[in-house]
Peer 1: 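Please find one structure pasted underneath; my questions will follow.
Start at 1 with the first residue, then count along the sequence.
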Amino acid sequence: MVPPDPGVLWDLWVGQRYDPVVARLGRFLTDVVDVKAVFAYPNTVVQAGDGPAVLVKPYYTAGTELSVRVSEKAE
């Protein structure tokens, strides 16, 4: 795993190596109108090896897709 760079936004996809068919990780088809406002996940502090700890925040985009924001950990 590559250590996260602070301030980076990750959009997550799943697929086999060298296969052009990939799927968005965490995309849910639901009848909830505003998934972003309804479903929330807690912030998590992640320590990547000897690097600085970072704050990881999973969230839903306006398009109902799961993304992860990585930022410097607040002291």
Peer 1: Indicate the atoms forming the closest heavy-atom contact of P58 with P42, along with that distance.
Peer 2: CD-O, 3.7 Å
Peer 1: In residues 46-53, what donor-acceptor pairs under 3.5 Å come from side-chain atoms, sequence neighbours left out?
Peer 2:
unit_1: Q47; atom_1: NE2; unit_2: G49; atom_2: O; d: 3.3
unit_1: Q47; atom_1: NE2; unit_2: G51; atom_2: O; d: 2.3

Peer 1: Which residue is it: V70, V45, T44? I am looking for the one with a side-chain contact (heavy atoms from CB on, under 4.5 Å) to L55.
Peer 2: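 Only one option passes, and that is V45.
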Peer 1: Contact between V56 and V68 at the side-chain level, heavy atoms closer than 4.5 Å - yes or no?
Peer 2: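 In contact.
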Peer 1: Would you give the length of the straight line joining atom OH of Y59 to atom CZ of R69, rounded to the nearest 0.5 angstrom?
Peer 2: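 CZ of R69 is found 4.5 Å from OH of Y59.
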Peer 1: Would you say the side-chain atoms of K57 pair up with the backbone N or O of Y41, donor to acceptor, closer than 3.5 Å?
Peer 2: yes
Peer 1: Hey, does F39 have a side-chain heavy atom less than 4.5 Å from the side chain of Y60?
Peer 2: yes
